[in-house]
Amino acid sequence: MLSGDNMELPKQFNEQNAKNIFIYHYVEELIASFSKYMDENLDKTGISKVEFPFLVRIRFSEKTTQKELVELFKVSEGYTAKLLRKFEDNGYITRKEDPSNRRVKIVELTSKGIEKTDELSEIISNWESQISSNTTQKEISQLKEVLFKLLI
C-alpha cells in the first residue's frame, strides 16, 4: 500500500470529488495506511502495535500518570498496570509516587525508553515523509494547523 507508491484508494477518492468526501473518510484511509505501515515496521522494535501508542504518549507528555493513561486510552486500570509493568521490566519506564499524592503514580521514561521512543519516532517520521512526499512544507504546516483547530 505504501512502499514508496501512493496509497491505494477507493474510486471515490479523486481530484474532482476531493472536496465532497467526508473528513472521516480521509482519516480512515490514513489510519489504515499507518496501521499497515506499522505492521511492516514494528517487528524489529520489539514493541507491539497496541503498546506503541502508550510508549510514544509517555515520551511526549511533560508529566503523565498511570490514571491519565487509563483515561486517555480508555482501557482498564489492570490492563494499563500490566502494560506499564512490561515497560518497567524492559527498562523503558519508571513509576514513582507523586510526592503531593502518594496514591498517584508518575510514569517517566528511562534513557533506554528514550532510545526506544526515538526508534519509534523515526518510524512515524518515515511514514509521514512517504505519505506527504507530494506536498510542500507549507502545506504540511497548514494541515497541522487545521488538524489542531479540528481537535480543539
Side-chain angles (χ1 to χ4, degrees), residues 1-66 68-95 107-152:
M1 186 152 143
L2 228 189
S3 46
D5 307 70
N6 289 333
M7 293 172 29
E8 296 172 22
L9 296 172
K11 291 180 183 175
Q12 79 186 74
F13 288 89
N14 58 60
E15 284 194 49
Q16 296 78 25
N17 195 31
K19 293 180 182 175
N20 298 321
I21 297 170
F22 286 119
I23 294 170
Y24 160 79
H25 288 117
Y26 287 113
V27 171
E28 184 179 54
E29 292 299 324
L30 287 169
I31 290 170
S33 165
F34 184 70
S35 181
K36 182 173 185 199
Y37 186 82
M38 294 308 274
D39 285 342
E40 295 167 356
N41 289 277
L42 271 181
D43 280 348
K44 62 187 173 206
T45 69
I47 301 292
S48 75
K49 204 161 49 170
V50 295
E51 296 167 344
F52 138 81
F54 280 84
L55 205 50
V56 170
R57 188 59 69 129
I58 294 166
R59 168 69 184 268
F60 295 105
S61 297
E62 284 184 37
K63 175 181 161 185
T64 194
T65 66
Q66 188 169 323
E68 288 170 342
L69 292 169
V70 166
E71 292 168 359
L72 176 68
F73 290 105
K74 298 178 182 26
V75 293
S76 72
E77 290 182 28
Y79 176 80
T80 302
K82 181 179 173 184
L83 187 57
L84 293 178
R85 169 62 60 200
K86 180 178 179 184
F87 290 162
E88 270 181 321
D89 291 347
N90 288 328
Y92 298 143
I93 67 160
T94 59
R95 285 186 280 185
V107 180
E108 294 178 335
L109 286 179
T110 63
S111 57
K112 186 175 179 182
I114 290 171
E115 287 176 24
K116 183 55 70 177
T117 55
D118 282 347
E119 185 181 352
L120 297 172
S121 294
E122 186 176 333
I123 293 171
I124 296 167
S125 291
N126 289 340
W127 175 77
E128 286 186 5
S129 292
Q130 284 186 18
I131 66 158
S132 64
S133 63
N134 62 349
T135 59
T136 66
Q137 281 301 337
K138 183 178 179 184
E139 289 171 325
I140 295 298
S141 290
Q142 290 171 333
L143 173 62
K144 287 180 179 184
E145 287 175 19
V146 170
L147 290 171
F148 180 75
K149 285 181 181 180
L150 290 175
L151 289 178
I152 59 171

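Keep in mind it's a predicted model, so treat the numbers as computed, not measured. Reckoned from all heavy atoms, side chains included, excluding hydrogens, waters and symmetry mates.
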If I take atom [atom1] from residue [X] and atom [atom2] from residue [Y], how far apart are they, to the nearest 0.5 angstrom?
{"X": "Leu84", "Y": "Tyr79", "atom1": "CG", "atom2": "OH", "result": "10.0 Å"}
{"X": "Gln142", "Y": "Glu145", "atom1": "CD", "atom2": "CD", "result": "7.0 Å"}
{"X": "Phe52", "Y": "Glu119", "atom1": "CZ", "atom2": "CD", "result": "12.0 Å"}
{"X": "Glu29", "Y": "His25", "atom1": "CD", "atom2": "NE2", "result": "8.5 Å"}
{"X": "Ile21", "Y": "Glu28", "atom1": "CD1", "atom2": "CD", "result": "11.5 Å"}
{"X": "Ile140", "Y": "Thr135", "atom1": "CD1", "atom2": "OG1", "result": "3.5 Å"}

Excluding sequence neighbours, so at least two apart, what forms ring pair (Phe, Tyr, Trp, His ring centres under 6.0 Å) with Phe60?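 For Phe60 there are no ring pair (Phe, Tyr, Trp, His ring centres under 6.0 Å) partners, ignoring immediate neighbours.
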
Got a sec, which residues hit ring pair (Phe, Tyr, Trp, His ring centres under 6.0 Å) with Tyr92, two or more places apart in sequence or on another chain?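 Partners of Tyr92 under the ring pair (Phe, Tyr, Trp, His ring centres under 6.0 Å) test: none.
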
So does Glu71 have more than 12 non-hydrogen atoms from other groups sitting under 6.0 Å from CD?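 Correct, the count exceeds 12.
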
Atom CG of Leu150 with >12 non-hydrogen neighbours under 6.0 angstrom: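 Yes - once you tally the heavy atoms of other residues, nucleotides and ligands closer than 6.0 Å, there are more than 12.
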
Does a salt bridge link Glu88 with Arg85, judged by any charged N lying under 4.0 Å from a carboxylate O?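 Looking at Arg85 together with Glu88, the answer is yes, because their closest N to O distance falls below 4.0 Å.
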
List for me each residue that meets salt bridge (Lys or Arg N to Asp or Glu O under 4.0 Å) alongside [X], sequence neighbours excluded, and say none if there are none.
{"X": "Glu77", "result": "none"}
{"X": "Asp118", "result": "Arg59"}
{"X": "Lys86", "result": "Glu51"}

Is there a donor-acceptor pair under 3.5 Å between the side chain of Ser125 and the backbone N or O of Ser121?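 Pair found, side chain donor or acceptor close to backbone of Ser121.
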
Answer yes or no: is there a donor N or O on one side and an acceptor on the other, between the side chain of Thr45 and the main chain of Leu42, under 3.5 Å?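 Checking the backbone N and O of Leu42 against the side chain of Thr45, a donor-acceptor pair under 3.5 Å is found.
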
Can you find a pair of side-chain heavy atoms, one from Phe73 and one from Thr80, that are under 4.5 Å apart?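 No. Closest side-chain heavy atoms not under 4.5 Å.
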
Should Leu69 and Val75 count as side-chain neighbours, where that means a heavy-atom distance under 4.5 Å?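 Leu69 does not reach Val75 side chain to side chain.
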
Exercise: identify the closest heavy-atom pair between [X] and [Y]:
{"X": "Thr117", "Y": "Ile114", "answer": "OG1-O, 3.0 Å"}
{"X": "Thr65", "Y": "Val107", "answer": "C-CG2, 4.1 Å"}
{"X": "Val70", "Y": "Ser76", "answer": "CG2-O, 4.0 Å"}

Partner residues of Asp39 under the side-chain hydrogen bond (donor to acceptor under 3.5 Å, both in side chains) criterion, sequence neighbours left out: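 Only Lys49 meet the side-chain hydrogen bond (donor to acceptor under 3.5 Å, both in side chains) criterion with Asp39.
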
Would you check, one step at a time, whether the test side chain to side chain contact (heavy atoms under 4.5 Å, CB included) holds for Ile123 with Tyr37? CA-CA 9 Å; Ile123 293 171; Tyr37 186 82; 3.7 Å; yes

When the ring planes of Phe34 and Trp127 are compared, do they come out parallel, tilted or perpendicular, using 30° and 60° as the limits?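 Perpendicular, since the angle between the ring planes exceeds 60°.
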
Residue pair Thr64, Arg57: steps toward the side chain to side chain contact (heavy atoms under 4.5 Å, CB included) verdict: CA-CA 9 Å; Thr64 194; Arg57 188 59 69 129; 5.9 Å; no

